[in-house]
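The figures here come from the full heavy-atom set of this structure, side chains too, leaving out hydrogens, waters and symmetry mates. Convention: sequence-line order gives letters A, B, ...; per-chain numbering from 1.
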Number of protein chains: 2
Amino acid sequence: MARTQGSHSGTTGPRVRDAALRLFARHGYAAVSMRRIAQEVGVQAGALYNYTPDKQSLLFDLMRGHMEDLLAAWADRSPESDPMAALEAFTRFHIRYHSQRPDAVFVAYMELRNLAPENFAVIERLRREYEEELVAILRRGVAVGAMEAPEPKVAAMAVIGMLTGVNTWFRAGGRLDLDDVESIYWDLVRKAVAG
Amino acid sequence: MARTQGSHSGTTGPRVRDAALRLFARHGYAAVSMRRIAQEVGVQAGALYNYTPDKQSLLFDLMRGHMEDLLAAWADRSPESDPMAALEAFTRFHIRYHSQRPDAVFVAYMELRNLAPENFAVIERLRREYEEELVAILRRGVAVGAMEAPEPKVAAMAVIGMLTGVNTWFRAGGRLDLDDVESIYWDLVRKAVAG
DNA sequence: GTCTATACCGGGATAGAC
DNA sequence: GTCTATCCCGGTATAGAC
């Protein structure tokens with residue numbers, strides 16, 4: 001039954017995506033060759049084209065998949081009626097979700113300029129959609145008098161920038177665990193938009 | 001006196017750096033060829049090697065120059081004795097300085113992974129030096145009871161992430177000018193570390 | 001200091017056998 | 001579905017004339 005070549009149980013597609021994601025995150029899309037991806041997967045370069053029409057599509061599919069998963073994960077929650085509870089949920093969700101997928105996050109933020117224009121537009125729309133979730137929370141908080149943020153859109157960008165930055169320095173196994181980090185950041189966020 | 005080729009007043013070196021910076025920021029280091037840079041400058045590719053030993057050095061010199069200029073600009077101020085005044089100064093300085101050099105900032109943050117290891121170490125040290133300026137301010141603020149930040153290093157990373165994010169969305173000529181943005185962010189920072 | 005020309009290598013992508 | 005072989009292009013960097 002042993003096969004030394006040919007299909008190995010139909011998992012090559014996901015393995016291509018995994019290898020591409022890891023290599024793109026580490027070295028950048030433009031610096032990674034199809035040959036290098038193939039080497040990582042253990043196939044010849046030509047075989048990759050059974051799984052993606054071209055290199056650009058490989059990048060785009062990874063980025064779109066990440067953004068759609070992110071939005072789905074956020075939507076898949078019991079919605080909080082209290083704006084302050086929603087803000088805490090968003091803060092902790094963002095830190096935790098992003099810390100669990102550092103490669104996908106990195107690629108999604110760094111490789112925007114390597115997307116073809118039509119692909120860029122799609123990713124941008126998804127990103128905007130996510131940002132608007134936070135803007136809406138802040139607006140509701142201001143409306144009910146629980147928060148003070150004269151410019152909710154600016155505050156949302158500030159908060160997201162702050163939270164996303166965790167991935168640049170946090171490493172598991174250090175003095176602080178993820179729960180600690182979540183709590184420290186929630187403290188900063190809560191106070192920043194306090195009335 | 002007209003010359004159609006040869007030296008054009010000794011400014012080719014800076015023009016190479018300017019073109020490289022702009023192109024690296026727009027398309028990424030790995031995606032930009034020496035031929036493309038030469039085209040931008042208006043010389044042949046071979047002529048670039050009168051100004052840089054290789055492409056890697058071109059990137060490294062741009063990044064080191066940016067970090068050194070940043071540190072020098074921050075150092076070149078009358079130091080604030082009051083920690084809260086220092087924090088406001090840092091906030092406004094960071095936003096303003098970075099908003100005036102979007103390309104250099106972008107390259108300095110995005111192309112770290114394309115640096116040779118020994119060059120990476122140099123840039124990382126400079127970046128750490130800058131971050132420590134803010135950490136020191138927060139520690140002093142906490143020490144004199146003007147601020148509350150249980151983890152000054154984490155708070156510093158959070159604040160820098162927040163401030164650096166301005167470059168991702170701010171465009172001059174919009175509803176808000178840079179003074180507005182500075183004030184909004186200063187409000188957020190001040191409250192975030194308030195006692 | 002810049003040019004032209006080129007060495008040398010590796011890129012993305014495809015064809016056709018198995 | 002993967003292989004081998006290959007096409008065609010463009011990459012970095014250098015040599016030598018002017």
Item to check | Cation-pi, Tyr109(A) ring and Arg127(A) (6.0 angstrom, 45 degrees) | outcome: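 Checked: cation-pi criterion met.
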Checklist entry - Looking only at atom types and distance, does a side-chain atom of Tyr29(B) sit under 3.5 Å from a main-chain N or O of Gln56(B), one as donor and one as acceptor? => result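 Answer holds: yes.
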Checklist entry - Taking the side chain from Asn167(B) and the backbone from Thr164(B), do they hold a donor-acceptor pair closer than 3.5 Å? => result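 A pair under 3.5 Å: no.
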Checklist entry - When the nearest nucleotide of DNA chain C is assigned to Ala30(A) and to Gly42(B) on a heavy-atom basis, which residue is associated with the more 5' position? => result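 Nearer the 5' end of the strand: Gly42(B).
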Rounded to the nearest angstrom, tell me the gap between atom [atom1] in [X] and atom [atom2] in [N].
X: Tyr29(A); N: dG11(C); atom1: OH; atom2: P; answer: 14 Å
X: Tyr49(A); N: dG12(C); atom1: OH; atom2: P; answer: 6 Å
X: Met34(A); N: dC8(D); atom1: CE; atom2: P; answer: 20 Å
X: Asp54(A); N: dG11(C); atom1: CG; atom2: P; answer: 17 Å
X: Leu59(A); N: dG12(C); atom1: CG; atom2: C1'; answer: 15 Å
X: Leu48(A); N: dT14(C); atom1: CG; atom2: P; answer: 13 Å
X: Gln39(B); N: dG11(D); atom1: CD; atom2: P; answer: 10 Å
X: Ile37(A); N: dG12(C); atom1: CD1; atom2: P; answer: 8 Å

Item to check | From dG12(C), dT4(C), dT2(D), nucleotide with atom closest to Gln44(B) side chain | outcome: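 Per side-chain heavy atoms of Gln44(B), the pick is dT4(C).
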Item to check | Shortest side-chain distance from Asn50(A), nucleotide among dT14(D), dG1(D), dA13(C) | outcome: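 So the side chain of Asn50(A) is nearest to dG1(D).
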Would you say [X] reaches [N]'s phosphate, i.e. side-chain N/O to OP1/OP2 under 4.0 Å?
X: Tyr51(B); N: dT2(C); value: yes
X: Ser33(A); N: dG11(C); value: yes
X: Thr12(B); N: dT2(C); value: yes

Checklist entry - Hey, what's the ring geometry for Phe93(B) with Trp74(B), parallel, tilted or perpendicular (30° and 60° as the breaks)? => result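 Phe93(B) vs Trp74(B) ring planes: tilted.
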Next on the checklist: Taking atom types as they are modelled, would you say the side chain of Arg35(B) forms a donor-acceptor pair with the base of dG11(D) within the 3.5 Å cutoff?
Outcome noted: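 Per atom types, the contact qualifies.
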Next on the checklist: Could you check whether Asp54(A) and Ser57(A), counting side-chain N and O atoms only, form a donor-acceptor pair closer than 3.5 Å?
Outcome noted: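 Result is yes, a qualifying pair exists.
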Checklist entry - Val32(A) near the nucleic acid: base, sugar-phosphate alone, or nothing, with a heavy-atom cut-off under 4.0 Å? => result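 Touches sugar-phosphate only.
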